[in-house]
Amino acid sequence: MADFLQQLNESQREAVIYNDGPSLVIAGAGSGKTRVITYKIAYLLKNGISPHSILALTFTNKAAREMKVRVTEIIGENMTRLLWIGTFHSIFSKILRREASRIGFYSDFTIYDKQDSKNLIKNIIKEKKLDDKIYKPTFVQNIISKAKNALITPKQYANNCDLIEQYNQAQKAYILYDIYLTYSNRCKIANAMDFDDLLFYTYLLFNECKEIAQKYWNRFQFILVDEYQDTNFAQHEIIQQLTIEQHHRICIVGDDAQSIYSFRGANISNILNFRSIYPESKLFKLEQNYRSTQTIVNAANSLISKNREQIPKTIYSQKAIGEKIRLTGFYSDYEEGSRVANCIAEMHMLKKYEYKDFVILYRTNAQSRIFEEALRKLNIPYKIYGGLSFYQRKEIKDVVAYMRLASNLADEEAIRRIINYPNRGIGDITVNKIIAAASFHNTILWEVLSNPLSYNLKINAATFEKLKKFQLLINRFVEKVSTQNAYNAGRMIIRETGLINNELYEDQTPENISRIQNLEELSNSLYTFVSSRIEEGNANIKISDFLAEIFLLTDQDTDKNENINFVTMMTIHSAKGLEFKNVFVVGLEEGLFPSELSKQNLQEIEEERRLFYVAITRAKENVILTYAKNRFQNGQFHDRLPSRFIKDIDEQYLSLPSKSHVCTNSGGGGSFKESSLINHQNNQSNIGDLRIGNKIRHKRFGDGRIVALIGKNDNAQATVEFEQVGIKQLLLKFARIEMINDD
DNA sequence: CTTTTAATATTTTTT
DNA sequence: ATATTAAAAG
């Protein structure tokens, strides 16, 4: 037992072994935060706490999975199987499915994704004949989301003077209330919850059913929360519901400097106020960074010190001083892309880094494209995270909508999506009649659609027949879904929706081929899902079980090739918690990073600065910052200035490409082109290990042998005799060559 | 009711 | 540039 505690430093160990009451662990970037949580869980288990009574909450499935793996490594699988480690959303949806009847839902409720919920809001606005220029669906969606995150019910919303004040006109506030109320009712009738509902209803459940709350607070004798700075008000309150009235055994871990989700309702004051809520709580600070060089840590400190709101702490590193942070500007986004790609190729070749040692971090997903092209040109393997996840692809969502409907006939958004896809002659007019009748009679769409005559639907005989046919098709699916396992039922649905034959098989465009492959992939994952559950001893796995699982999956969770060596590309947001040897932070421009939209107020600028802090602190060895003076965005070219955040970093940690001021636009351009991303500290660096006589391979010219090496630094050139194309002079700075074995 | 065409809005970050 | 929506033609 003492053994595994030896692997911790003094302050980590103190945090791990204190378990008598609430504790707050402020953990700087790279200070072993996950380590503390996992060791604490192991420590608790070794001290006789039952795994059944420990709850650990994270923000991503990936973090949860990793945590479980690491606890298992310390303490063995038998103990960890019963642990509840998961995201807020997945743990709460598990609880809600168990207790669904208490709050007027059925346990197989659908989870509406953002698109579903936006569509529903859009339809409600239309049905109420409101002007969607004033009540923009996205805006209304945000209002509703904020209300739920603040635990405000529609009823409370109506009476909330602050809000009425805020919208300046009672009229508008009232209409928003009305939409919110209708939206809530429609979701309930559809037996559906959106992401916010998973938190909101959990709170209501615990609040209104004391005996249920009691059941869970008795059960969870110890609660751990990771990334507490990212909790919103609802999450914060639920945690308190589970701990405050009884045992107070809660440990929260976080770093206020890494709070980057306020747009999603995260509230930094949750972590700042923790100590006043639990006055007896103990505070632990983890200040030693084990990840990055001193230069990186110091540079990050100098950056974050420009923010006002923060818990004081001194993050330090005892690793090597390390290289300075490199900063380079380019003429265009295009040049930025190709030079970053070249730099990766060069560092890969000359400095013996593997591709997986690199990450390119950007502010917006849209920036990935240029880097993707540049890397592909150089044949560098890469993987882009984010963007469209597998389950958000159209063809997958279509089939999944059939599955959703078959296992929850109340699902309004699923019906709307597929009632006329593939085309079966049931258009908007008919659908709107059905919806009108359904909301008039306060019933589900399916009910009206199945008995159009008893609801006095004004449709002609032909439409009646079409509805009948649709109804029969779905009924067959329903039957299959309730009798067969997920795989068999899913296969049948994929086959018989007719999507493959009608829509996709017609012409063999690459897009269609990939869509069909995706459907096969879906069928494969159904198979894996069912068989892995059977291994765990649960036979009889239904489509609804599968759906419950995939609703909360994101792109990062569907990753299959973990082991392959590739350059990673992702947004800074999704990079949180990860680390890489070399980090490129690209697009450091005013209007992009910080984003144009965040320039309104200081708080948002501070959040963007924290985001930059997160980006820099991902790096173990090198940070390379780039910006473009001109960028193509939203269909046009924009001149761009370097980001204000660049000058927030203490200059002593930066290595500039030239003496010109990087933060003004008066640099005269010329200096940018000559700058190289690589620090050429010695004459040999471009030549690297190349020697006369070495055999090399060039992407375009093929194989060849070096006959001469001349020049130094950026001018280093090699004369190469190629087998196919004869003698060529190559400027090593740009040449894409690799050494190959001579045999 | 569907398909085609033209116009218009839209983009930050995500469980 | 792309996606979504409205209008017009079939």
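Residue numbers start from 1 in every chain, and the chains themselves are labelled A, B, ... in the order their sequence lines are given, proteins ahead of strands.
Every residue two or more places apart in sequence or in another chain that forms a side-chain contact (heavy atoms from CB on, under 4.5 Å) with A:Ala414 is listed here: A:Ala401, A:Arg404, A:Leu405, A:Asp411. Not counting sequence neighbours, the partners of A:Thr571 by the side-chain contact (heavy atoms from CB on, under 4.5 Å) test are A:Tyr362, A:Asn365, A:His573, A:Ser574.
Using a 4.0 Å cut-off between charged side-chain N and carboxylate O, A:Lys576 and A:Glu227 make a salt bridge. Salt bridge annotation for A:Asp113-A:Lys397: present, with a cationic side-chain nitrogen under 4.0 angstrom from a carboxylate oxygen. Electrostatic pairing of A:Glu372 and A:Arg369 does not count as a salt bridge here, judged by no charged N lying under 4.0 Å from a carboxylate O.
Closest approach to the A:Lys122 side chain among C:dT4, C:dA1, B:dT13 is made by C:dT4 (side chain taken as heavy atoms from C-beta onward). With distances taken from any side-chain atom of A:Thr87 to the nucleotides B:dT15, C:dT4, B:dT14, the minimum falls on B:dT15. Considering only the side chain of A:Arg363, B:dT13 comes nearest among B:dT15, B:dT13, B:dT11. In the set B:dT12, C:dT4, B:dT13, B:dT13 carries the atom at the smallest distance from any side-chain atom of A:His573. Relative to the side chain of A:Glu604, the nucleotides B:dT12, C:dT2, B:dT15 differ in distance, and B:dT12 lies closest. Each of B:dT11, B:dT15, B:dT14 was ranked by its minimum atom distance to the side chain of A:Thr138; first place goes to B:dT11. Nearest nucleotide to the side chain of A:Asn420, out of B:dT2, B:dC1, B:dT12: B:dT2. Distance from the side chain of A:Glu608 is smallest for B:dT12 among the nucleotides B:dT12, B:dC1, B:dT11.
Of the residues A:Lys118, A:Met193, A:Glu412, the one that meets the side-chain contact (heavy atoms from CB on, under 4.5 Å) test with A:Tyr112 is A:Glu412.
B:dT11 and C:dA6: their P atoms are spaced 15 Å apart (whole Å).
Atom CD1 in A:Ile370 sits about 13 Å away from atom P in C:dA1, given to the nearest Å. Straight-line distance from the NE2 atom of A:His638 to the P atom of B:dT12: 13 Å, rounded to whole Å. If you measure from atom CD1 of A:Ile121 to atom P of C:dT4, you get 16 Å, rounded to the nearest angstrom. The distance between atom CZ of A:Phe233 and atom C1' of B:dT15, rounded to the nearest whole Å, is 19 Å. Rounded to whole angstrom, the span from the NZ atom of A:Lys394 across to the P atom of C:dT2 amounts to 19 Å. One atom, CD of A:Glu227, and another, P of B:dT13, lie 20 Å apart when rounded to the nearest Å. Between A:Glu373 atom CD and C:dA1 atom C1' there is a gap of 13 Å when expressed in whole angstrom units. Taking atom CD of residue A:Gln367 and atom C1' of nucleotide C:dA1, one finds them 15 Å apart after rounding to whole Å.
Two residues, A:Leu597 and A:Gly425, neighbour DNA chain B, and the one matched to the more 5' nucleotide by heavy-atom proximity is A:Gly425. With DNA chain B read from its 5' end, the first of the two nearest nucleotides for A:Ile426 and A:Ser90 is the one closest to A:Ile426.
Among the protein residues, A:Phe88 comes within range of no part of the nucleic acid, since none of its heavy atoms lies under 4.0 Å from any strand. A:Phe593 comes within 4.0 angstrom of nothing in the nucleic acid, heavy atoms only. Using a 4.0 Å heavy-atom criterion, one finds that A:Ile572 contacts no nucleic acid atom at all.
For A:Asn365, a side-chain nitrogen or oxygen approaches OP1 or OP2 of B:dT14 to under 4.0 Å. The side chain of A:Thr430 places an N or O atom within less than 4.0 Å of a non-bridging phosphate oxygen (OP1 or OP2) of B:dC1. Listed pair A:Asn61 / B:dT15 fails the phosphate criterion, with no side-chain N or O lying under 4.0 Å from OP1 or OP2. For B:dT14, one of the phosphate oxygens OP1 or OP2 lies less than 4.0 angstrom from a side-chain nitrogen or oxygen of A:Thr571.
Between A:Phe593 and A:Phe612, the gap from one ring centroid to the other is short of 6.0 Å. In summary, the aromatic rings of A:Tyr203 and A:Tyr201 are positioned with their centroids too far apart to meet the 6.0 Å limit. When ring centroids are compared, A:Phe59 and A:Phe88 come within the 6.0 Å threshold.
Residue ring and base: A:Phe59 does not count as stacked with B:dT15 (centre distance below 5.5 Å and interplanar angle below 30° not both satisfied).
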Watson-Crick or G-U pairs under 3.5 Å in DNA chain B, rendered as dot-bracket with [ ] for crossing pairs and | for another strand
||||||||||.....
